[in-house]
Participant: 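Structure provided below as structure tokens; questions to follow.
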Amino acid sequence: MIRDLIHDIVAKSLVSLRESGKLPMIDLPAFDVERPQIAEHGDYATNAAMKLAAAVRATGEKANPRALGETLAAHLRETVDLVPAYDLIESVEVAGPGFINFRLKPAWLLRQARQVVDDAAHFGAINIGRGQKVNLEFVSANPTGPVTIGNGRGAFIGDTLGNVMRAAGFEVTKEYYFNDSGAQIEKLGRSMEYYLRLALGESDTVKPDEGYFGPYYENVAQRMLDAGAHTSVSTETPKPRSRRKKSPEAPTEAPDARAMLTLPEGERAARIGKAAAAVIMSDIRQTMARLHIEFDIYFNEADLTTSGAREEGIEALRAAGFTKEEDGALWAKTTAFGDDKDRVLLRSTGGPTYFASDVAYMRNKYGRGFERLILVLGPDHHGYIGRLKAISGMLGHSVDDVEILLYQLVTIKIGDEVMKMGKRLGNAITLDELYEDVGPDVARFFYLMRSSDSQLDFDLKLARKQSEENPGLSVQYAYARAASVFRKAADAGYTAQEYEKANASALLTDPTVPANAREHALALMRQILRLEEIVERVALAREPHHLTRYGMDLSEAYHRFYETNPILKAGTDVAQPTRLARLQLMRAAQVGLARTLTLLGMSAPERMEREQIAEPAKQAE
RNA sequence: GUGCUCGUAGCUCAGUGGAUAGAGCGUUGGCCUGCGGAGCCAAAGGUCGGAGGUUCGAAUCCUCUCGAGCACGCCA
């Protein structure tokens with residue numbers, strides 16, 4: 001990465017200056033290399049001189065950051081001239097309170113176009129993760145209904161973060177935890193029993209006081225009956241564990257819903273609930289798949305209960321001395337690791353709590369060799385951070401090996417009208433409905449435009465627009481436009497081989513290229529090369545929203561380049577080497593756009609369908 | 001009551017302790033009519049909620065304060 005290279009150059013210069021006595025013998029301070037906000041300040045800047053001044057002052061000596069900057073800059077200029085590998089730097093200047101600004105060589109920048117094109121499939125990939133095994137859990141919505149637009153935020157954040165962390169060299173497993181056992185499943189079972197009986201014509205059936213109701217559940221009931229109709233009758237308890245191992249994608253064998261209605265009172269609700277949950281789980285998977293959210297593992301909580309893992313987890317805590325009995329219940333001493341109160345593992349009535357499953361699940365994850373566990377959770381899980389970290393501590397890991405990423409609420413806005421919603425309000429919009437409305441790509445982009453810490457107002461009116469005002473589409477438009485130019489170029493007899501191997505510095509040597517065209521070409525290259533820095537930042541800070549911002553910046557730079565650097569435009573006379581150079585830059589931009597879109601989980605379309613524009617007659621002949 | 005998040009342009013929001021605080025949408029003005037076409041260029045618009053503090057330097061860190069949202073079960 002260019003930034004690291006510059007950091008390295010500066011660090012070496014500081015050491016060298018200290019050895020030659022031009023700096024006092026002090027511990028060299030940490031310093032930053034970053035992109036200045038203002039283009040006139042160059043490509044990169046470092047605050048090394050100011051940090052150095054502060055370090056010198058700390059020893060009681062006087063120090064002038066500006067003067068130190070001059071000393072450092074002078075040494076840097078010499079170094080850059082001497083070392084061939086540093087040939088990318090055009091100038092080193094001191095500015096403001098003591099910043100040192102670096103400017104990159106135009107010829108070097110343009111040379112990178114070919115590198116980018118040659119590395120099309122992996123451009124942007126870095127290796128800061130060094131293969132660290134990371135478990136990334138997200139969505140994990142209960143299989144008691146369709147996924148809502150609220151859950152959706154976790155879905156897109158998790159999926160994209162996973163993509164980017166992989167590109168950054170982490171070994172990421174994306175995981176969905178299905179809470180498919182326990183009281184809520186029984187509640188679902190009671191609701192479904194009602195709908196099943198209703199569907200079978202038992203008009204005297206009684207609706208439970210509370211539960212899951214609505215057309216969706218009627219539909220689930222119908223599908224349960226349809227599926228059971230052509231399956232052998234079996235009320236045997238299924239073995240979820242072995243089934244999952246066989247094939248996580250295989251549809252569950254459909255138990256006969258009618259037969260389940262005859263089960264004894266005690267097990268009926270649980271069995272029906274489980275069967276219904278299986279149907280809902282397959283719906284959820286389908287929702288995820290069509291939005292291009294990919295999980296490596298769908299983990300069923302039931303596996304923890306049937307395998308005895310939950311009891312083993314409790315035993316492990318007991319053996320480690322983190323349990324206590326009080327008021328007839330068994331508690332975990334989570335306060336030992338910073339939680340604000342201890343948590344119950346086994347209720348005084350005997351049954352294990354949800355928390356006991358959490359313990360078993362985390363133990364399972366560590367058992368699979370993950371070094372770091374990331375959980376993407378909704379705003380209602382704020383209270384869980386302390387206890388989850390405490391589990392990590394009790395299991396002998398650092399509390400910091402568990403990271404909780406909380407995202408804030410989602411609302412839908414149409415024009416100026418903000419719709420508040422929630423399951424409780426009964427007007428929760430499902431992710432499927434949003435998919436139908438705006439498609440997977442725009443949905444993904446809009447969800448990722450905001451920092452997770454901010455509330456998300458999803459602007460449906462803007463999302464529905466099929467023009468470049470729609471920021472989600474603008475990145476794809478840029479890609480498609482480039483594709484169109486390449487098609488035209490092929491028609492005109494240019495081969496990819498020809499321009500991909502061309503020398504882009506023709507843009508510097510051709511006197512007919514206007515200055516602003518050259519500037520926009522260089523600006524485009526700078527923007528393309530920024531992708532690696534974005535990948536690093538997203539991966540380390542766990543903030544996927546920077547990628548959408550970058551996508552907008554890149555497509556804007558692309559458009560400016562496109563407007564000022566004609567290639568095949570009628571009526572323009574462009575020298576052949578310049579034409580090839582521009583094609584190469586455009587290809588590099590397309591690579592950057594494609595990589596950005598891919599990381600965002602969006603498609604990179606060769607053609608875009610536009611809204612039907614009223615374009616009468618003319619085209620007819 | 002306690003805790004967490006947020007408060008930045010008309011709206012929705014970026015902003016890694018650094019220089020003149022940015023983008024999209026919206027608004028206004030100009031250009032353009034076809035390499036992808038609803039495009040391009042430009043402008044206006046800010047006491048970064050408020051007050052102290054730390055620092056060479058604060059939208060960013062600390063304290064207090066005001067406002068908004070959410071969470072605080074032997075529920076799952």
Side-chain angles (χ1 to χ4, degrees), chain A residues 32 34-38 40-41 45 47 50-51 53-54 57 63-65 95-99 101 142 144 179 181-185 187 301 326-331 340-341 343-351 353-355 357 378-386 406-409 411 413 415-416 449-459 461-462 465-471 474 477-478 480-489 491-492 533 537 540-541 543 545-546 548-549 552-553 556 559-560 562-572 582 586 607-608 610-611 613 615:
Chain A
D32 304 307
E34 54 192 19
R35 286 178 178 270
Q37 287 180 14
I38 296 159
E40 285 76 55
H41 293 153
N47 59 1
M50 281 110 90
K51 292 290 181 193
R57 271 191 221 107
N64 178 343
F99 287 102
N101 294 334
N142 294 336
T144 53
N179 222 228
S181 62
Q184 50 160 354
I185 295 296
K187 188 158 107 183
E301 185 198 3
E326 209 171 282
D327 305 329
L330 184 70
W331 298 69
D340 46 8
K341 59 184 84 160
R343 308 289 167 180
V344 172
L345 286 161
L346 292 174
R347 281 184 266 268
S348 50
T349 54
T353 58
Y354 183 84
F355 179 72
S357 292
D380 50 334
H381 286 77
H382 161 254
Y384 291 73
I385 298 174
L406 285 186
Y407 58 87
Q408 297 300 314
L409 288 182
T411 59
K413 193 182 74 165
D416 291 332
M449 281 198 300
R450 306 286 176 247
S451 149
S452 310
D453 286 338
S454 288
Q455 272 196 26
L456 173 70
D457 279 0
F458 194 105
D459 189 342
K461 193 176 163 194
L462 184 61
K465 284 192 180 169
Q466 293 291 310
S467 73
E468 222 162 313
E469 291 165 71
N470 185 328
S474 68
Y477 266 121
R481 260 185 203 155
S484 170
V485 174
F486 291 125
R487 282 194 296 273
K488 279 256 161 62
D491 290 346
E533 290 165 25
R537 181 158 181 206
L540 291 182
E543 290 175 346
H545 69 278
H546 297 301
T548 50
R549 294 262 157 189
M552 288 192 274
D553 289 346
E556 190 183 319
H559 284 303
R560 285 172 195 267
Y562 174 85
E563 289 298 327
T564 49
N565 286 265
I567 298 171
L568 303 166
K569 194 171 180 175
T572 51
R582 284 173 175 167
M586 187 171 278
R607 289 189 160 81
M608 302 249 326
R610 293 180 304 281
E611 253 175 19
I613 305 163
E615 189 80 54

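Below, read A as the first sequence line, B as the second, and so on, with proteins coming before strands; counting in each chain starts at 1. Treat the numbers as computed from the prediction; the structure is a model and nothing was measured. Scope of the values below: all heavy atoms of this structure, side chains included, with no hydrogens, waters or symmetry mates.
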Participant: Could you say whether the aromatic ring of F99(A) and the base of A19(B) stack, counting only centre distances under 5.5 Å and plane angles under 30°?
Facilitator: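 A stacking contact exists, since F99(A) sits close and nearly parallel to the base ring of A19(B).
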
Participant: Look at the side chain of T353(A) and decide which nucleotide, out of A76(B), G24(B), C13(B), has an atom nearest to it.
Facilitator: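 Of the options given, the side chain of T353(A) lies nearest A76(B).
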
Participant: At 4.0 Å (heavy atoms only), tell me whether R35(A) reaches a base, stays on the sugar-phosphate, or touches nothing.
Facilitator: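 No contact.
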
Participant: Pick base, sugar-phosphate or nothing for K341(A), based on heavy-atom distances below 4.0 Å to the nucleic acid.
Facilitator: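 Touches sugar-phosphate only.
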
Participant: Would you state whether a donor and an acceptor, one from the side chain of S348(A) and one from the base of C74(B), lie under 3.5 Å apart?
Facilitator: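 Result: at least one qualifying N/O pair found.
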
Participant: Rounding to an integer number of angstrom, what distance separates G18(B) and U55(B) when you compare their C1' atoms?
Facilitator: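 One C1' to the other, the span is 11 Å.
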
Participant: Kindly indicate whether the side chain of Q466(A), heavy atoms from C-beta on, has any atom under 4.5 Å from the side chain of M608(A).
Facilitator: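 Sidechains of M608(A) and Q466(A): no contact.
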
Participant: Within the structure shown, what part of the strands sits under 4.0 Å from A53(A) by heavy-atom distance: base, sugar-phosphate, or nothing?
Facilitator: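 No contact.
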
Participant: Under 4.0 angstrom, heavy atoms only, what part of the nucleic acid is D453(A) near: base, sugar-phosphate, or nothing?
Facilitator: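 Sugar-phosphate contact only.
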
Participant: Quick one, E301(A) with S357(A), criterion side chain to side chain donor-acceptor pair (under 3.5 Å). Give me CA distance, side-chain angles, the key distance, then yes/no.
Facilitator: CA-CA 7 Å; E301(A) 185 198 3; S357(A) 292; 2.7 Å; yes

Participant: S181(A) near the nucleic acid: base, sugar-phosphate alone, or nothing, with a heavy-atom cut-off under 4.0 Å?
Facilitator: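 The answer is sugar-phosphate, as S181(A) gets under 4.0 Å only of primed atoms, P, OP1 or OP2.
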
Participant: Are the side chain of N470(A) and the backbone of L462(A) linked by a donor-acceptor contact shorter than 3.5 Å?
Facilitator: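 Checked: pair present.
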
Participant: Taking the side chain of R57(A) as heavy atoms from C-beta outward, which of C56(B), C25(B), A76(B) is closest to it?
Facilitator: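 Per side-chain heavy atoms of R57(A), the pick is C56(B).
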
Participant: Ring-on-base stacking between Y354(A) and C75(B), under 5.5 Å between centres and under 30° between planes: is it there?
Facilitator: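 Stacking between Y354(A) and C75(B): absent.
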
Participant: Does any N or O donor sit under 3.5 Å from an N or O acceptor when you compare the side chain of D380(A) with the base of A76(B)?
Facilitator: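 No such pair is found, so the answer is no.
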
Participant: With a cut-off of less than 4.0 Å, is there a side-chain N or O of H559(A) near OP1 or OP2 of C41(B)?
Facilitator: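 The answer is no; no side-chain N or O of H559(A) sits under 4.0 Å from OP1 or OP2.
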
Participant: Send over the distance from R549(A) CZ to A14(B) P, rounded to a whole Å.
Facilitator: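 Answer to the nearest Å: 7 Å.
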
Participant: Name the closest nucleotide to the K488(A) side chain, picking from C35(B), C25(B), U12(B).
Facilitator: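 Minimum distance to the K488(A) side chain belongs to C35(B).
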
Participant: Base, sugar-phosphate, or nothing for D327(A), non-hydrogen atoms under 4.0 angstrom?
Facilitator: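 The answer is base, as D327(A) lies within the cut-off (heavy atoms under 4.0 Å) of a base atom.
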
Participant: With a 4.5 Å cut-off on side-chain heavy atoms, are S454(A) and Q408(A) touching?
Facilitator: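 Heavy-atom side-chain distance check fails, nothing below 4.5 Å.
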
Participant: Is the phosphate of C75(B), meaning OP1 or OP2, less than 4.0 Å from a side-chain N or O of R347(A)?
Facilitator: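 Checking R347(A) against C75(B): at least one side-chain N or O falls below 4.0 Å of OP1 or OP2.
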
Participant: Can you tell me how far P of G15(B) sits from CD of E34(A), to the nearest Å?
Facilitator: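 Atom CD in E34(A) sits about 14 Å away from atom P in G15(B).
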
Participant: Regarding N101(A), tell me which of base, sugar-phosphate or nothing describes its non-hydrogen contacts under 4.0 Å with the strands shown.
Facilitator: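 Contact class for N101(A): base.
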
Participant: Separation of F355(A) atom CZ from C75(B) atom C1', in whole Å?
Facilitator: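 The distance from CZ of F355(A) to C1' of C75(B) comes to 15 Å, rounded to the nearest Å.
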
Participant: Contact class for K413(A) vs. all strands (heavy atom < 4.0 Å): base, sugar-phosphate, or nothing?
Facilitator: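 Sugar-phosphate: the residue K413(A), judged by heavy atoms under 4.0 Å, touches backbone atoms but no base.
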
Participant: Would you say that E533(A) contacts R35(A) through its side chain, given a criterion of any heavy-atom pair below 4.5 Å between the two side chains?
Facilitator: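 A side-chain contact exists here, since the closest heavy-atom pair is under 4.5 Å.
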
Participant: For a quick check of understanding: with a heavy-atom distance under 4.0 Å over all strands, which category does R560(A) fall into, base, sugar-phosphate or nothing?
Facilitator: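 It contacts sugar-phosphate atoms only.
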
Participant: Look at the side chain of N142(A) and decide which nucleotide, out of C56(B), A76(B), G36(B), has an atom nearest to it.
Facilitator: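 Minimum distance to the N142(A) side chain belongs to A76(B).
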
Participant: Using the six-membered ring for Trp and the full ring for Phe, Tyr or His, decide whether H545(A) stacks on the six-membered base ring of A14(B) (centres under 5.5 Å, planes under 30°).
Facilitator: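 No, the aromatic ring of H545(A) does not stack with the base.
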
Participant: Note every stem involving RNA chain B: at least three consecutive Watson-Crick or G-U wobble pairs, i with j then i+1 with j-1, with both distances under 3.5 Å.
Facilitator: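 RNA chain B forms these stems: B:1-7 with B:66-72, B:10-13 with B:22-25, B:27-31 with B:39-43, B:49-53 with B:61-65.
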
Participant: Ignoring hydrogens and angles, are the base of C75(B) and the side chain of Y384(A) linked by a donor-acceptor pair under 3.5 Å?
Facilitator: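 Present.
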
Participant: Fit a plane to each ring of H559(A) and Y562(A), take the angle between them on a 0 to 90° scale, and name the class: parallel (under 30°), tilted (30 to 60°) or perpendicular (over 60°).
Facilitator: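 H559(A) and Y562(A): perpendicular rings.
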
Participant: Quote, to the nearest angstrom, the C1' distance that separates U16(B) from A59(B).
Facilitator: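 One C1' to the other, the span is 13 Å.
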
Participant: Whole-Å distance between C70(B) P and L409(A) CG?
Facilitator: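 Nearest whole value for this atom pair: 6 Å.
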
Participant: Categorize A95(A) for me: base, sugar-phosphate, or nothing, with a 4.0 angstrom heavy-atom threshold over every strand shown.
Facilitator: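 Contact class for A95(A): base.
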
